[in-house]
Amino acid sequence: WNGTAWVEMSIDMAGINDGVGNAEIHWVADDQIFAVVKNPVDPLDRYIAMYNGAAWVPMTDVAADLEYSMHFMGPGEIYAVLGTKICKWTGILGQGGAWAIVSPDQANLRPGIQVVSDTEMYAVIGEKVCKWDGTAWADITTDMVGLAPEFHRTSDEDILAVAGLAIN
């Protein structure tokens, strides 16, 4: 949005949206736009690609159960939920880059995450916002019926989230 109209920033990329509005992007510059992309061969597998101003370039390996959510620290450091665990992509695709598990399997882990470091991460688990300290998950909030997976945390006492039709 340029203040007046929507302007296309990239060429089309099959799989950038799952068809029901699930998409995740991170803008660094007009020639560095990162997105979670569905693998055309197997739609349950996804990867992260970068638009470089001319073409979409894969940045990570294809990963089973990669959710449409990521926490971008830099091109060689991207966190994402893969199934029921948080993983981190490090390095460069084709030059030793790999997905590494940062937190083990956690039942009811939702895709929205916020990362400070490998030992300080926040996620919605079930209907609570929880904190990973590098060893274990701890509840930050109480249960909220209908809590959406995306949230905004400024501090442990200042968290905004959608539940139902309202921001809480």
Side-chain angles (χ1 to χ4, degrees), residues 13-28 33-51 56 58-90 93 97-134 136-156 158-168:
M13 174 62 165
I16 200 166
N17 186 327
D18 69 358
V20 294
N22 290 329
E24 174 75 15
I25 63 167
H26 181 85
W27 180 88
V28 176
I33 303 171
F34 294 80
V36 176
V37 179
K38 184 175 15 177
N39 181 2
V41 177
D42 185 347
L44 295 179
D45 293 342
R46 298 181 185 100
Y47 62 98
I48 297 172
M50 179 186 77
Y51 182 69
W56 284 98
M59 296 298 291
T60 69
D61 286 332
V62 171
D65 299 324
L66 172 63
E67 297 286 350
Y68 277 104
S69 181
M70 68 176 152
H71 187 96
F72 183 90
M73 303 288 266
E77 186 177 11
I78 304 170
Y79 292 80
V81 174
L82 277 68
T84 58
K85 57 185 138 266
I86 297 177
C87 296
K88 176 169 102 173
W89 175 263
T90 55
L93 182 63
W99 285 107
I101 297 170
V102 181
S103 74
D105 286 318
Q106 174 61 53
N108 301 314
L109 176 66
R110 309 279 295 283
I113 57 172
Q114 291 185 11
V115 177
V116 176
S117 69
D118 288 359
T119 58
E120 186 179 356
M121 297 187 295
Y122 300 85
V124 173
I125 298 174
E127 295 188 328
K128 298 176 187 176
V129 176
C130 300
K131 179 180 181 179
W132 174 256
D133 67 4
W137 287 101
D139 297 346
I140 299 292
T141 68
T142 58
D143 281 332
M144 179 179 290
V145 175
L147 182 61
E150 298 294 335
F151 62 96
H152 178 79
R153 179 198 160 275
T154 304
S155 70
D156 289 356
D158 190 13
I159 300 171
L160 297 173
V162 174
L165 300 176
I167 296 174
N168 296 270

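Any value given below was found using the heavy atoms of this structure, including those in side chains, with hydrogens, waters and symmetry copies removed.
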Partner residues of Thr84 under the side-chain hydrogen bond (donor to acceptor under 3.5 Å, both in side chains) criterion, sequence neighbours left out: Asp105
Any residue meeting side-chain hydrogen bond (donor to acceptor under 3.5 Å, both in side chains) with Ser117, in chain and number order, not counting sequence neighbours: Thr119
From CZ (Phe151) to OG1 (Thr141), nearest 0.5 Å: 9.5 Å
Set of ring pair (Phe, Tyr, Trp, His ring centres under 6.0 Å) partners for Phe34, sequence neighbours left out: Phe72
Salt bridge (Lys or Arg N to Asp or Glu O under 4.0 Å) against Asp65, all qualifying residues, sequence neighbours excluded: none
Close side-chain approach of Met70 and His26, heavy atoms under 4.5 Å: yes
Lys38 to Tyr47 - nearest heavy-atom pair and separation: O-CE2, 4.3 Å
For residues 142-150, which side-chain N or O atoms pair as donor and acceptor with protein atoms under 3.5 Å away, sequence neighbours left out?
none

Rounded distance [0.5 Å steps], CH2 in Trp27 versus OH in Tyr51: 14.5 Å
Val124 vs Glu127 side-chain heavy atoms within contact, under 4.5 Å: no
Which residues share a side-chain contact (heavy atoms from CB on, under 4.5 Å) with Pro104, sequence neighbours left out: Trp132
Within 6.0 Å of CD1 in Ile159, more than 12 heavy atoms from elsewhere: yes
Val37 vs Met13, side chain to side chain contact (heavy atoms under 4.5 Å, CB included): CA-CA, chis, key distance, verdict: CA-CA 8 Å; Val37 179; Met13 174 62 165; 3.7 Å; yes
Spatial distance of atom CD (Glu77) from atom OG1 (Thr90) [nearest 0.5 Å]: 8.5 Å
Ser103 side chain vs Ile86 backbone, donor-acceptor pair below 3.5 Å: yes
Listed partners of His152 passing side-chain contact (heavy atoms from CB on, under 4.5 Å), at least two apart: Gln114, Thr154, Leu160
Residues that Arg110 engages under salt bridge (Lys or Arg N to Asp or Glu O under 4.0 Å), provided they are two or more places apart: none
Test item: Asn108 side-chain N/O and Gln106 main-chain N/O as donor-acceptor pair under 3.5 Å: no
Asp45: partners by salt bridge (Lys or Arg N to Asp or Glu O under 4.0 Å), with sequence neighbours left out: none
Partners meeting side-chain contact (heavy atoms from CB on, under 4.5 Å) with Asp139 (sequence neighbours left out): Lys128, Cys130
Set of residues satisfying side-chain contact (heavy atoms from CB on, under 4.5 Å) with respect to Leu93, sequence neighbours excluded: Pro58, Asp61, Trp89
Ion pair check, Asp118 and Lys88, cut-off under 4.0 Å: yes
Side-chain touch Val81/Ser69, heavy atoms, less than 4.5 angstrom: no
Contact check, side chains of Tyr79 and Ile113, non-hydrogen atoms, under 4.5 Å: yes
For the student: nearest non-hydrogen atoms of Ile48 and Val36, plus distance: CG1-CG2, 4.2 Å
Verdict with reasoning, Val162 to Asn168, per side chain to side chain contact (heavy atoms under 4.5 Å, CB included): CA-CA 6 Å; Val162 174; Asn168 296 270; over 6 Å; no
Side-chain (Arg46) to main-chain (Leu66) donor-acceptor, under 3.5 angstrom: yes
